[in-house]
Novice: 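This structure is in structure tokens; I'll ask about it shortly.
By convention in this document, chain letters (A, B, ...) are assigned in the order of the sequence lines, proteins followed by strands, and residues within each chain are numbered from 1. Below, each value reflects all heavy atoms present in this structure, side chains not excepted, and no hydrogens, waters or symmetry copies.
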Amino acid sequence: MASAPSKLYQDDVSLVVALLDTNPFFWAAASLPFSEFLHHVIPFINSLLLLNQLNRVVLIATGTSSCGYIFDSGDGNASGNSNAVCSGIIKKLEDFVGKDSKIGKGSNGDGTRPAISSLLSGSLSLALCYIQRIFRSGTRHPQPRILCLQGSPDGPEQYVAVMNSIFSAQRLMIPIDSCIVGAQHSAFLQQASYITGGVYLKPQQLDGLFQFLAAVFATDLHSRNFLRLPKPAGVDFRASCFCHKKTIDMGYVCSVCLSIFCKYHKKCSTCGSEFNQAAPDSTIPDQKH
Amino acid sequence: MPQVRIVARNFMDMVAALPAAKLDKLYDSSFICEAVLRSLPPLAKKYVLQMLFLDSPLMAKSMEEWVLPDGLSKHKVAIDRLLQLRVFMEVNDRKKEPSYKMNQKFQSNMQKYLTTGGTVPREPMPLNAAVRLPSVGELETYAMEQWECFLLQLINSSQVDKSTSFSSSMMRAFQRGLLNSSRDNEAPRLTENGFQFLLMETNAQLWYIIREYISSAEERGMDPTDLISFLLELSFHTLGEAYSVNTLTEVQRLAIKDLADLGLVKYLQGRKEGLFMPTKLATNLSVSLSDASSRKEGFVVVETNFRMYAYSTSRLHCEILRLFSRIEYQLPNLIVGAITKESLYNAFENGITAEQIVSFLQQNAHPRVAEKMPSVPENVTDQIRLWEADRNRVEMTPSHLYEDFPSKDLFEACCDFARDYGCLLWQDTKKMRLIVKGELHQQMRDFLRGQR
């Protein structure tokens with residue numbers, strides 16, 4: 001699939017919406033402690049704001065059951081003393097993680113779902129809504145892009161929502177950059193960066209995270225036409241089935257709405273069209289989505 | 001053809017032209033480092049960020065690998081700029097391979113900024129009920145009024161109601177290059193550069209005036225380095241806050257009065273001391289010139305029948321529009337005009353190009369039409385360009401005419417000779433006449449002598 005063409009901007013004013021993964025299950029077991037991680041991210045945000053007076057940065061935290069806005073540099077009170085801003089961000093993150101774990105415990109009862117993945121689809125949607133609001137605010141706006149700092153593994157149950165967000169971003173011509181701070185690659189984000197024309201990177205050394213961020217993810221969209229940026233060796237295009245949310249390589253596809261199933265169904269659960277072909281093996285009762 | 005385009009980025013060129021010692025001294029202040037960083041081309045900014053935490057020099061060849069092949073020219077421009085401003089220093093190792101290292105002071109200042117964040121140059125005054133501070137809107141109107149008044153005085157001293165307090169020698173210094181007095185008893189006329197200046201953006205005009213101001217500063221006993229650092233610091237103050245004049249040095253105090261006349265700051269008398277408030281013109285000083293958001297709202301609507309409606313009350317706008325259009329009526333809030341062939345020919349005579357007129361119209365398009373694509377109708381822009389091309393219908397090439405050839409063979413030989421060099425312009429075989437480009441004349445004579 002061809003990547004989305006980037007608009008030809010002459011200046012380098014950018015709006016970066018950064019999605020921070022705050023999944024406590026991941027950070028408890030990660031090699032880089034969360035505080036160290038913030039020590040790399042906050043100077044990176046400062047550097048983005050330094051590059052151009054009109055640059056804007058928005059931080060969105062991706063939790064396990066919810067997402068929330070942490071920081072918006074476009075607020076009037078964000079300029080000035082940066083120490084206050086920094087401690088403000090940390091306090092908001094702590095509040096957010098506390099609220100998020102309460103929501104997680106509440107909806108799951110005693111936590112039957114292990115919740116190892118974070119709600120990427122939610123934060124992508126929040127980011128896209130914010131950018132859409134910026135687009136509607138007038139003719140002169142900075143060029144937006146989304147930066148995902150992801151560590152937790154992909155949750156196959158979010159496949160449909162994430163793919164929908166990716167296609168919306170592609171239509172709005174918003175590149176999605178991904179920086180993986182976890183141990184494994186993320187198929188969703190590889191596809192996201194490939195489809196929207198962003199950069200996907202898994203840094204080999206997490207101690208130098210700031211250098212990776214500054215060298216690769218701080219470039220504005222206009223300069224990207226002239227720079228050699230990292231390209232992934234291969235993109236994992238695997239999908240997950242709609243019925244069991246398992247990652248599959250081969251499966252059945254509805255010819256009307258292109259939904260993917262791992263086992264044969266008599267009727268498509270998404271669009272309701274009936275397949276009147278004889279089943280190759282024993283029939284499986286169709287499941288309501 | 002207009003000779004030199006006024007490129008207002010010259011302010012940074014002026015900074016780059018300072019002697020190395022003074023430039024290094026300037027980098028003591030972290031605000032200047034920030035301002036210089038923000039003025040760099042985007043690729044250069046990225047390089048600075050990448051090299052910020054590296055201690056050892058990096059080879060120039062490895063830097064070239066960062067760009068794609070069609071980015072090499074931009075890469076060179078960026079590296080040149082960084083070297084000019086002494087942000088990057090060249091280090092030659094034993095192998096004679098050039099490598100670059102970042103300026104020590106610049107690097108430490110920027111590192112501090114990133115880890116601890118920026119600070120303001122001076123603290124604003126606490127709110128004092130005795131002095132009523134103007135609101136941000138009032139500041140903006142004040143700034144615009146002052147700036148327009150200054151510009152009007154610049155172009156035509158007779159037209160202003162109140163003149164600024166600049167001395168006539170200062171005004172003459174500003175006008176140098178923009179106006180020339182053709183005759184002593186006539187009012188000075190705008191030169192080509194003057195017209196281009198008027199059609200530029202406010203930010204660009206501001207930089208040009210400041211550049212002239214700083215160049216003439218030495219004659220008035222002010223150190224240009226101090227002025228430059230003060231101006232760059234000014235852009236980091238907060239809009240709408242008042243600062244005490246007592247925190248300024250002597251030089252800066254002298255400069256503040258001039259800057260107030262230009263509309264960059266508003267000078268107030270507080271209870272015990274003078275206060276100054278930076279306006280939007282000052283805080284936008286460090287914004288890069290190619291930025292779109294610093295422009296004010298447009299006011300011109302151009303229709304497909306070549307009529308133009310400008311919703312403005314400013315006399316400056318009227319003068320600018322008069323440069324290339326015929327103003328028909330002036331109503332209390334509206335200027336009605338038409339773009340005609342005569343008015344455009346007038347503009348072209350004065351050295352304005354069609355591109356400048358079109359970009360002026362596009363940049364100042366009224367918000368109602370600015371969202372439409374295109375904001376200025378294509379038939380108008382095409383016609384402006386066609387009328388400009390009308391003036392270039394005849395192209396002149398210096399050449400020589402050869403006639404009275406004794407024989408046809410000689411004529412053919414000369415034609416072939418000229419054609420081989422690509423200098424044959426015209427030939428008439430029947431009358432045996434030949435026109436050849438002037439640069440070949442000497443060789444043609446030698447050839448003919450050789451043939452005889």
Novice: Rounded at 0.5 Å granularity, tell me how far CG in B/L72 sits from CZ in A/F226.
Specialist: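 Answer for the CG-CZ pair, B/L72 versus A/F226, is 11.5 Å.
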Novice: Identify which part of A/A218 has an atom lying under 4.5 Å from any heavy atom of chain B, answering side chain, backbone, both or neither.
Specialist: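 Contact with chain B: side chain only.
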Novice: Does NZ belonging to A/K92 count more than 12 external heavy atoms closer than 6.0 Å?
Specialist: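 At most 12 heavy atoms, drawn from other residues, nucleotides or ligands, come within 6.0 Å of this atom.
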Novice: For residues A/L227 and B/L43, determine if any side-chain heavy atom of one lies less than 4.5 Å from a side-chain heavy atom of the other.
Specialist: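 The answer is yes; the side chains approach within 4.5 Å.
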Novice: Hey, what do you get for OH (B/Y113) to CG (A/L50), rounding to the nearest 0.5 Å?
Specialist: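 B/Y113 atom OH to A/L50 atom CG measures 5.0 Å (nearest 0.5 Å).
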Novice: Are more than 12 heavy atoms, taken from residues, nucleotides or ligands other than A/H39, located less than 6.0 Å from that residue's NE2 atom?
Specialist: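 Counting other residues, nucleotides and ligands, NE2 of A/H39 stays at 12 neighbours or fewer.
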Novice: When rounded to the nearest 0.5 angstrom, what distance separates OG in A/S223 from NZ in B/K74?
Specialist: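 That separation rounds to 7.5 Å.
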Novice: Any non-hydrogen side-chain atom of B/K46 less than 4.5 Å from a side-chain atom of A/L51?
Specialist: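 Not in contact.
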Novice: Please report the interatomic distance CE(B/M51) to CD(A/Q211), rounded to the nearest 0.5 Å.
Specialist: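 The CD atom of A/Q211 is 9.5 Å from CE of B/M51, to the nearest 0.5 Å.
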Novice: Can you tell which part of B/L54 gets under 4.5 Å to a heavy atom of chain A, answering side chain, backbone, both or neither?
Specialist: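 Just its side chain gets close to chain A.
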Novice: Can you list everything that forms a side-chain contact (heavy atoms from CB on, under 4.5 Å) with A/A183? Sequence neighbours excluded, please.
Specialist: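 A/A183: no side-chain contact (heavy atoms from CB on, under 4.5 Å) contacts found.
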Novice: Are there over 12 heavy-atom neighbours, none belonging to B/Y311, within less than 6.0 Å of that residue's OH?
Specialist: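 Result for OH/B/Y311: open.
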Novice: Given a strict heavy-atom distance threshold of 4.5 Å, which part of A/I45 is in contact with chain B: side chain, backbone, both, or neither?
Specialist: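 Neither part.
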Novice: How far does CG of B/L49 sit from CG of A/L48, to the nearest 0.5 angstrom?
Specialist: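 Going from the CG atom of B/L49 to the CG atom of A/L48 covers 8.0 Å.
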Novice: Need one label for A/F44: side chain, backbone, both or neither, based on atoms under 4.5 Å from any heavy atom in chain B.
Specialist: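 For A/F44, there is no contact with chain B at all, as no heavy atom is under 4.5 Å.
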Novice: Excluding sequence neighbours, so at least two apart, what forms side-chain contact (heavy atoms from CB on, under 4.5 Å) with B/L68?
Specialist: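 Residues passing side-chain contact (heavy atoms from CB on, under 4.5 Å) with B/L68: A/R228, B/D70.
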Novice: Got a second to check how far A/T219's OG1 is from B/Y47's OH, nearest 0.5 Å?
Specialist: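 Answer rounded to 0.5 Å: 11.0 Å.
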